[in-house]
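For reference, the structure is listed below as structure tokens.
Values reported hereafter were calculated over all heavy atoms of this structure, with side chains retained and with hydrogens, waters and symmetry mates removed. Here the structure is a predicted model, which is why all the values come from computation and not from measurement.
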Amino acid sequence: MATDRMDKNGEGYADPTAGGAWNSIREKERRKEAARMAVISNLIPILKQTAELAGFEIIGRVPLKDKATGKEYR
């Protein structure tokens, strides 16, 4: 069964219970990811200001890794 089509069972018939549950899980994941991106959006200016105060300038991308999930943001 393909994970992108959870609204159908293995034989191709509609399975709204599984589809609804899958959509709910995906929506929670999207909200968590949006929250992580908001934290990163707030963090980057702080990093730039800190570098500026120390007499430096950030001239490239700053890769970050979420310690809880292990996901890398570049």
By side chain to side chain contact (heavy atoms under 4.5 Å, CB included), Ala21 pairs with (sequence neighbours left out) none
So the side-chain hydrogen bond (donor to acceptor under 3.5 Å, both in side chains) pairs with at least one residue in residues 29-43 (sequence neighbours excluded) are Arg26-Glu29, Glu27-Arg30, Glu33-Arg36, Glu33-Lys71, Glu33-Tyr73, Arg36-Asp66
Taken in chain and number order and not counting sequence neighbours, the residues that satisfy side chain to side chain contact (heavy atoms under 4.5 Å, CB included) with Arg61 are none
Contacts satisfying salt bridge (charged side-chain N to carboxylate O under 4.0 Å, His left out) that involve residues 43-52 (not counting sequence neighbours) are none
Sequence neighbours excluded, the answer for side chain to side chain donor-acceptor pair (under 3.5 Å) partners of Glu57 is none
Residues Pro63 and Arg74: closest non-hydrogen pair is CB-NH1, 4.0 Å
